[in-house]
Amino acid sequence: MAEISLTYDAPPEGTGDIGMDYQTLTGRTLCFLLLPTMALLLVFFVSYLSFIVESFHELVPGLAMVGDEWTLNSYMRFLSDPLYPSFLWESIWRSAEMTVITLVIAYPLAYFTVRTRSNAIRYIIMIVMLVPLLAGGITIAYAWIIMLGNVGLVNSVLKATGLIDYPIKFLYCWRGVIISVVHYLVPFAALILLGPIQNIPRSLEEAAISMGATKLKVYVKIIFPLTVSGVIETVSLTFALALSSFLFPLLLGGGRVKMMSNIIYEKIAISYDLPFAAVLAIMLLLVSLATVIGLARLQKFFEQRY
């Protein structure tokens, strides 16, 4: 009977190692796939760089033109006028408020979606969460305008049940803006939280309950510590989206409610003051970056701890 040889013959010199060729090919393929992403990032970088350069110029008085001289007058104008820092602070405060409300609604929704044993209920919740994302912001904004009007669905139901005698003012104030923005942000937050909650084995909760722990203690000691990283990611994305919201304050605020994005739009489209609009955009970008960096450090701290 012939003997079968299982020896491995090394490749000839100069042909290279198979593993190294595979790694080289993978690296080249990865670089090729990253080219569109790098091109897109380059476009964004050039756009922000042009805005930064624009902020060091000044609008020519009486003309919709930007001067050639470099100056810090636009930055001094922002710092000396208390109106614009107050707008920035109010945008930050309202964005934080909307982020907290969104998280309070999205976390139980995501937890119930993951833990429910009914696939039909899970599919219905997923469809309800995805519909706002598919409908678009303008459709959602006009739907809320119809629902929150003085004779809209919300006030009509409240008056019919006897809870109110006069319509509640939702439009052209922060109430309607917060409701619409939170409605838009909840699906984003809930979809992000599905993964971290789903990674927690159900057996951990059942074991803790069987040992006498209450559901509140299970949440405080087990569920939240294991999902805190996902919560921080959700807060980071939600806050950034809320801070940059433009459409809902414009339509439901009616010009009376202004976020920083709306003021930037007015400086560009109405006043044609591009340098000052660039300064406002840079300030808004700095706040967003500081928030993201701070939350990233906080996330790293909790990941190391838990």
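Sequential numbering from 1 along the given sequence is applied to the chain's residues.
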### Query
Looking only at heavy atoms, what is the nearest atom pair of S74 and V279, with distance?
CB-CG2, 3.5 Å
#### Entry: V292 side chain reached by F239 side chain, heavy atoms, under 4.5 Å
no
#### Entry: Path from I121 to V114 over hydrophobic side-chain contacts below 4.5 Å
yes
### Message
Do L243 and T291 have side chains that approach each other closer than 4.5 Å (heavy atoms only, starting at C-beta)?
### Response
no
#### Entry: Trace of the side-chain contact (heavy atoms from CB on, under 4.5 Å) decision for F302 with S229
CA-CA 7 Å; F302 280 107; S229 178; 6.0 Å; no
### Task
With rounding to the nearest 0.5 Å, note down the distance linking CG in D81 to CZ in F87.
9.5 Å
#### Entry: Over 12 foreign heavy atoms within 6.0 Å of CZ, R175
no
### Query
Among I138, T139, I146, which one satisfies side-chain contact (heavy atoms from CB on, under 4.5 Å) with Y142?
I138
### Option passing side-chain contact (heavy atoms from CB on, under 4.5 Å) with N262 (candidates S91, P249, S245)
P249
### Message
Determine whether V218 and T214 satisfy the following criterion, side-chain contact (heavy atoms from CB on, under 4.5 Å), listing intermediate values before the conclusion.
### Response
CA-CA 6 Å; V218 170; T214 62; over 6 Å; no
### Query
Do S236 side-chain atoms and I232 backbone N/O form a donor-acceptor pair below 3.5 Å?
no
### Message
I'd like to know if K258 and E266 make a salt bridge, using a cut-off of under 4.0 Å between side-chain N and carboxylate O.
### Response
yes
#### Entry: T116 side chain vs T113 backbone, donor-acceptor pair below 3.5 Å
no
### Verify same cluster id: V100, L109 (apolar side-chain graph, 4.5 Å)
no
### Query
Take atom CD in Q299; do more than 12 heavy atoms of anything else shown fall under 6.0 Å from it?
yes
### Task
Would you check if P187 and P132 make a side-chain contact, meaning some heavy-atom pair closer than 4.5 Å?
yes
### Message
Can a donor-acceptor pair be found, under 3.5 Å and without considering hydrogens, that links the side chain of T227 to the backbone of G230?
### Response
no
### Query
Is any side-chain heavy atom of M283 closer than 4.5 Å to a side-chain heavy atom of Y75?
yes
### Query
Can you tell me if R256 uses its side chain to pair, donor with acceptor, with the backbone of Y172 under 3.5 Å?
no
### Query
Should I209 and K217 be marked as a side-chain contact (heavy atoms from CB on, under 4.5 Å) after you check the CA-CA gap, both sets of side-chain angles, and the distance that decides it?
CA-CA 9 Å; I209 293 175; K217 196 169 185 178; over 6 Å; no
#### Entry: Criterion side-chain contact (heavy atoms from CB on, under 4.5 Å) on L171 and I145, from CA distance to verdict
CA-CA 7 Å; L171 300 180; I145 289 175; 4.2 Å; yes
## Note on the structure
Distance col, row H183:NE2 vs S180:OG, nearest 0.5 angstrom, shows 9.5 Å
#### Entry: Considering all heavy atoms, the nearest R94-I178 contact
NH1-CD1, 4.0 Å
### Query
Honestly curious: do L247 and V186 fall in one hydrophobic cluster under the side-chain, below-4.5 Å linking rule?
yes
### Task
Indicate whether any N or O donor in one side chain lies under 3.5 Å from an N or O acceptor in the other, for Y107 and T234.
no
### Message
Are the side chains of L191 and L194 in contact, using a 4.5 Å heavy-atom criterion?
### Response
yes
### Task
For this output row, return yes or no: ring centroids of Y219 and Y111 closer than 6.0 angstrom.
no
### Task
Examine distances only and state if a side-chain atom of N199 and a backbone atom of G195 form a donor-acceptor pair shorter than 3.5 Å.
yes
### Message
Does F246, at its CZ atom, have more than 12 non-hydrogen atoms belonging to other residues, nucleotides or ligands within less than 6.0 Å?
### Response
yes
#### Entry: Salt bridge present between E205 and R115 (N-O < 4.0 angstrom)
yes
### Query
F112, I197: one ILVMFWY side-chain cluster at the under-4.5 Å cut-off?
yes
### Residues, nucleotides or ligands: over 12 heavy atoms within 6.0 Å of Y265 OH
no
### Task
Could you tell me the separation between the CD1 atom of I282 and the CZ atom of F78, rounded to the nearest 0.5 Å?
10.5 Å
### Query
What distance do L42 atom CG and L35 atom CG have between them, rounded to the nearest 0.5 Å?
11.5 Å
### Query
Is it true that a side-chain atom of S86 and a backbone atom of L83 form a donor plus acceptor pair closer than 3.5 Å?
yes
### Query
Considering only heavy atoms from C-beta outward, does the side chain of Y84 approach that of F276 to under 4.5 Å?
yes
### Query
About how many Å separate CG of L216 and CD1 of I223, when rounded to the nearest 0.5 Å?
10.0 Å
### Query
Quick one: does F188's side chain get under 4.5 Å of L241's, heavy atoms only?
yes
### Message
Is it the case that the side chain of N155 and the backbone of I168 share a donor-acceptor pair, with hydrogens and angles ignored and the cut-off at 3.5 Å?
### Response
yes
#### Entry: L153 atom CG: more than 12 heavy-atom contacts under 6.0 Å
yes
## Note on the structure
Looking only at heavy atoms, the pair that brings V177 and M98 closest together is O-SD, 4.5 Å
### Query
Any side-chain donor paired with an acceptor under 3.5 Å for W174 and E90?
yes
## Note on the structure
Smallest heavy-atom separation, G176 atom then L148 atom, equals CA-CD1, 3.9 Å
#### Entry: V228 versus P225, closest heavy-atom pair with distance
CG1-O, 3.3 Å
### Query
So do L280 and K267 actually touch side chain to side chain, heavy atoms under 4.5 Å?
yes
### Message
Any side-chain to backbone donor/acceptor pair from T71 onto N73? Under 3.5 Å, distance only.
### Response
yes
### Query
Does CZ belonging to R202 count more than 12 external heavy atoms closer than 6.0 Å?
yes
### Query
Are the side chain of R122 and the backbone N or O of R117 linked by a donor-acceptor pair below 3.5 Å?
no
### Summary
Heavy-atom closest pair (L284 atom, S261 atom, distance to 0.1 Å) is CD2-OG, 4.1 Å
### Message
As an exercise, state the distance from CG of L185 to OG1 of T102, rounded to the nearest 0.5 Å.
### Response
4.5 Å
### Task
May I ask whether L285 and L72 are part of the same hydrophobic cluster, defined by side-chain heavy atoms of I, L, V, M, F, W, Y residues being less than 4.5 angstrom apart, directly or through others?
no
